[in-house]
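Some notes on the structure that comes next.
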2 protein chains.
Amino acid sequence: MGISVDTFFLERNGQGTLQAQLQQLIAEGILSGRFHVGEKLPSSRKLAAHLGVSRITVTLAYTELLANDYLTAKGRSGYYVSENAPVPPTYAPVRRDNESVDWDRAFARRFSDGDVLTKPSNWRDYRYPFIYGQVDRKLFDHANWRLCAVRALGHKDFHSLTGDYVDQDDPLLLEFIARHTLPRRGIVARPEEILITLGAQNALWLASRILLNRNRRAAIEDPCYYALRDLLIHSDCQLSYLKVDREGLLPDTIPDDTDVIFTTPSHQCPTTATMPVDRRNALLSRARELDAMIVEDDYEFEMSFLGAPSPALRSMDRDGRVIYVGSFSKSLFPGLRLGYMVGSEPFIREARALRSLVLRHPPGHMQRTAAYFLSLGHYDAQIRRMSKTLQRRREAIEEAIKQYGLTVAGRGMLGGSSIWMQAPERIDTTKLASDLQRQSVHIEPGEPFFSGPNRPQNYYRLGYSAISSARIGPGIQQIAETIRQS
Amino acid sequence: MGISVDTFFLERNGQGTLQAQLQQLIAEGILSGRFHVGEKLPSSRKLAAHLGVSRITVTLAYTELLANDYLTAKGRSGYYVSENAPVPPTYAPVRRDNESVDWDRAFARRFSDGDVLTKPSNWRDYRYPFIYGQVDRKLFDHANWRLCAVRALGHKDFHSLTGDYVDQDDPLLLEFIARHTLPRRGIVARPEEILITLGAQNALWLASRILLNRNRRAAIEDPCYYALRDLLIHSDCQLSYLKVDREGLLPDTIPDDTDVIFTTPSHQCPTTATMPVDRRNALLSRARELDAMIVEDDYEFEMSFLGAPSPALRSMDRDGRVIYVGSFSKSLFPGLRLGYMVGSEPFIREARALRSLVLRHPPGHMQRTAAYFLSLGHYDAQIRRMSKTLQRRREAIEEAIKQYGLTVAGRGMLGGSSIWMQAPERIDTTKLASDLQRQSVHIEPGEPFFSGPNRPQNYYRLGYSAISSARIGPGIQQIAETIRQS
């Protein structure tokens, strides 16, 4: 029996080359059991005519499937589904209409109750996306990233692509971070003092798990990055909230029984305040007094386009009590999922062991690609290009905010990629955001960043890393008008 | 001032093209502060002659660095280090010779005390690598993986490469697993019932954290995968150990107060026993009786080259009490770090929230590449090729074991990629492994797989997924002789 050409159907706007789409179509037909062993495929001429593709495309797809043992060729008579092709499922699945598990009993812990900022998945279609932490296609050096990735896919890098690192990291990436990235933050670290993590979130989580338990107290900034608060709540520790002013947290307000202080000195999240050197020294003294550890999230230090970044806390720390967290999510792209932490060797040893238990290691291919991108200078070039653009956008947003009479609650003195805003007290920015959504404007309500029972509802964040300068003014105008009418 | 050509030096056997190496050299010279703003680079003619490369190579490297703003060109006079090039570090790092942190006090938990199998990092240089779970270069379809990765690096996939999925996964990969992979295990699952994880290890860890706490009891197989035991120990739960026979764990021996049962029915790790369908039914009944959850690690089901794999426990479960864990580490490569878990929707919702806290999501690029590799049929073709080769190796190892009089303790009836061996009682296989190492033979001592205080020391594991058939006989002979002489 032959397979009719009518069962073949290429999707409009399908992904990949026509050959790949066709190959996929046939493979799926076999895998799903629609095409059976011994059935004859349509001739390349017929199928090409039916699909409106060139005959060579069909022939190439058939040849590839022949090499993969999906098809066999019988002389001139054509291509057939091979005996060696994978077999379709043979088990009749059980119906589970009435599951009997009592989930309230089964769960030892629940994790799905945290604050989340809901980013609309179609934010790219928004006319005014004041979204935070997403990549602007025009700012990312996609072409060179691709070249580096292709190099990392080559034969020489076979082991770094495929190998089980167990608890280790890519030595090239470690070395580059130690020799080039950290020295710019004033940090000297040997490879044994660095761990590659699956983004900054992963680093913060590892630190919390090692340094905290139910008998210990962590102090965090208020407002702060909600995902940090969420992970600390789930680490079962005691929590103190530290108000921040325009220079970040106030060291005097750290409670006496604090074991670990989490802070974002470069750009406080979300107020974008930069902590001056004096206050950094005061923070280190206070930590020494308490014998507390500090976890420094060196958030957005790369975005210091308005002035040189201050040295990292870790670079000023003589005791070894600062754990430094860096990330490539903001400077490269969030989907990369690569960050790093720096700490004294005993700490990194524990973090490495814990990471190995939880996930082993970040994929070697992502590490090697990043190592190439960094070492070829593309990273620095990109940061410079980004900084120039962000600076222009920053000027545009400052001007528009002034023009339309909105109120800034916090802006990074050195740069950053967002501004922290305050609406009149009567405004609930969660509702405001949803009203603006209907006008194709995305803003981030501020409430999830605050802790405790009476959270202010009139703050919001405006990101300017994914919106063009030209759109900023009209977008701000929409926000101002919507606030006025609310 | 000109930069002398003498400061340029290409490493022999350096990685990447000559142009990339040269570019890297110059970028690093600038980043490290060796080359200063305004300094003139050697002419392309001079530098090409000095390095023994073609002049066009040097020119291309210069042009690329010009585009990246590292260099500027001044008419005909040549290339100079640009004013816009990144600046070298300006902070003098603090010395930390005498760190004062008391780590015994600082650590809330320690993780670095688990059992580890130390795999020599140079195992690829071993003549007889009976190593487990590493990729044989000859068995992996590197060329097609690369093609799929390049496709996933293209413009159409820009968002799946760079985007922040927050707590979501690549819809293409989820759909393929739901439609094609799981049906072969008899499992029907909607995308909401599937979570992509950073390998099986990550899935097991997520399950343990959701289902267990200090008041709950987990039952695990003995011997078992040591990294599973290690992560359960660190989850603070109570632990029971279940002896296994040639058909896996014995359901009757599961203690009455058990909350979660961890099992590897396809190929018990490390004995490779396959659990027959009768015993699977008995296990499900016992779990229902106890109202216990089951975590099924469907370990190496793809390696069933000696017979069709048995249906997964999850496919036989009417209650929704089985959490299914699958992985691509063995069938593709461990460095991929991709696995998946299937469970009822309330469970996957919690697992997704926890994964988001700990690491957000596996990198989009790895997910998309795997989706292409699977959907184009390369995955199934590779499994079939691998199975054929593993079958030949299995025959070779069985024959050699017989010929040289070694004792098998467990072998997979359906296949697998290792054999579980028993040496005479007097032999400590940890010492044996180190003796064999000097003869370029790698075996895995069995002690770490066992639990409790009196762990047998005379078992070992022979992997045959990374050693050629031709080497197997002589390798086994070496092992037999070394045992005889011990």
Side-chain angles (χ1 to χ4, degrees), chain A residues 15 23-24 27 31 68-69 86 89 91 93-94 96 99-101 103 108 111-112 135 146 149 151 153 156 162-164 180 183-184 186 188 198 201-202 205 211-213 216 231 311 315 318-321 333-335 337 346 349-350 353-354 357-360 363-364 366 375-377 380-381, chain B residues 15 23-24 27 31 68-70 86 89 91 93-94 96 99-101 103 108 111-112 135 146 149 153 156 162-164 180 183-184 186 188 198 201-202 205 211-213 216 231 311 315 318-321 333-335 337 346 349-350 353-354 357-360 363-364 366 375-377 380-381:
Chain A
Q15 291 200 316
Q23 208 173 311
Q24 195 162 339
L31 294 175
N68 275 345
D69 242 9
Y91 314 118
V94 160
R96 254 193 315 271
E99 295 201 344
S100 61
V101 170
W103 289 107
F111 299 93
S112 61
V135 178
R146 203 158 46 193
R151 182 172 162 193
L153 287 162
K156 283 198 175 168
T162 60
D164 179 4
H180 295 287
R184 296 201 212 175
V188 176
L198 225 88
Q201 177 81 14
N202 187 226
W205 183 86
L211 299 175
L212 292 166
N213 60 25
R216 303 211 173 185
L231 76 84
S315 77
R318 290 172 187 280
D319 305 343
R321 69 178 69 255
F333 52 90
R337 309 304 315 130
R349 193 182 307 126
E350 295 304 317
L354 175 57
L357 273 186
V358 173
L359 60 85
R360 288 228 185 279
M366 302 309 286
S375 66
L376 286 169
D380 291 284
Chain B
Q15 291 198 315
Q23 208 174 312
Q24 195 161 340
L31 294 176
N68 275 344
D69 243 9
Y70 279 76
Y91 313 118
V94 161
R96 253 193 316 268
E99 294 200 346
S100 60
V101 170
W103 290 107
F111 299 93
S112 62
V135 178
R146 203 158 43 195
L153 287 161
K156 282 198 175 169
T162 60
D164 180 4
H180 295 288
R184 297 202 212 176
V188 176
L198 224 89
Q201 177 80 17
N202 187 225
W205 182 86
L211 300 175
L212 292 166
N213 60 25
R216 305 210 172 185
L231 77 84
S315 78
R318 290 175 187 279
D319 305 344
R321 68 177 70 255
F333 51 90
R337 311 303 317 126
R349 192 182 308 127
E350 295 303 316
L354 175 56
L357 273 187
V358 172
L359 60 83
R360 289 230 184 274
M366 303 309 286
S375 66
L376 287 168
D380 291 283

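In this text the structure is predicted, and so the values were computed from the model without any measurement. Every chain is numbered from 1 and lettered A, B, ... according to where its sequence line falls, protein lines coming before strand lines.
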key: Residue, of B/Q23, B/R216, B/R349, that accumulates the most heavy atom pairs under 4.5 Å with chain A   = B/R216
ask   = How long is the span from the CG atom in B/N202 to the CG atom in A/L357, to the nearest 0.5 Å?
value = 11.5 Å
Among B/Q201, B/H180, B/E350, residue most engaged with chain A (heavy-atom pairs, under 4.5 Å) = B/E350
ask   = How many angstroms lie between atom CG of A/L376 and atom CD of B/Q24, to the nearest 0.5 angstrom?
value = 5.0 Å
request  = Against chain B, label A/A108 side chain, backbone, both or neither, depending on which of its atoms sit under 4.5 Å from a heavy atom there.
outcome  = both
key: chain A contacts, top residue of B/L211, B/T162, B/N68 (heavy-atom pairs, under 4.5 Å)   = B/T162
remark   = The reported gap from CZ in B/R321 to OG in A/S100 (rounded to nearest 0.5 angstrom) is 5.0 Å
ask   = B/A353, B/S112, B/A27: which one forms the most heavy-atom pairs within less than 4.5 Å of chain A?
value = B/S112
query = Are A/L359 and B/R337 side-chain neighbours, meaning at least one heavy-atom pair lies under 4.5 Å?
reply = no
ask   = Which region of B/R146, side chain (C-beta onward) or backbone (N, CA, C, O), has a non-hydrogen atom less than 4.5 Å from a non-hydrogen atom of chain A, or is it both or neither?
value = both
key: Which atoms of B/V135 approach chain A - backbone, side chain, both or neither, heavy atom under 4.5 Å   = side chain
inquiry  = For the interface with chain B, which of A/G364, A/P346, A/A149 has the highest count of heavy-atom pairs at distances below 4.5 Å?
reply    = A/P346
task = Considering non-hydrogen atoms only, spot the tightest contact between A/G186 and A/S315 and give its length.
result = O-CB, 3.1 Å
query = Once you round to the nearest 0.5 Å, how far does CG of A/L354 lie from CH2 of B/W205?
reply = 7.5 Å
task = Quick one: which of B/L198, B/L231, B/L212, B/L153 has the most heavy-atom pairs under 4.5 Å with chain A, could you say?
result = B/L153
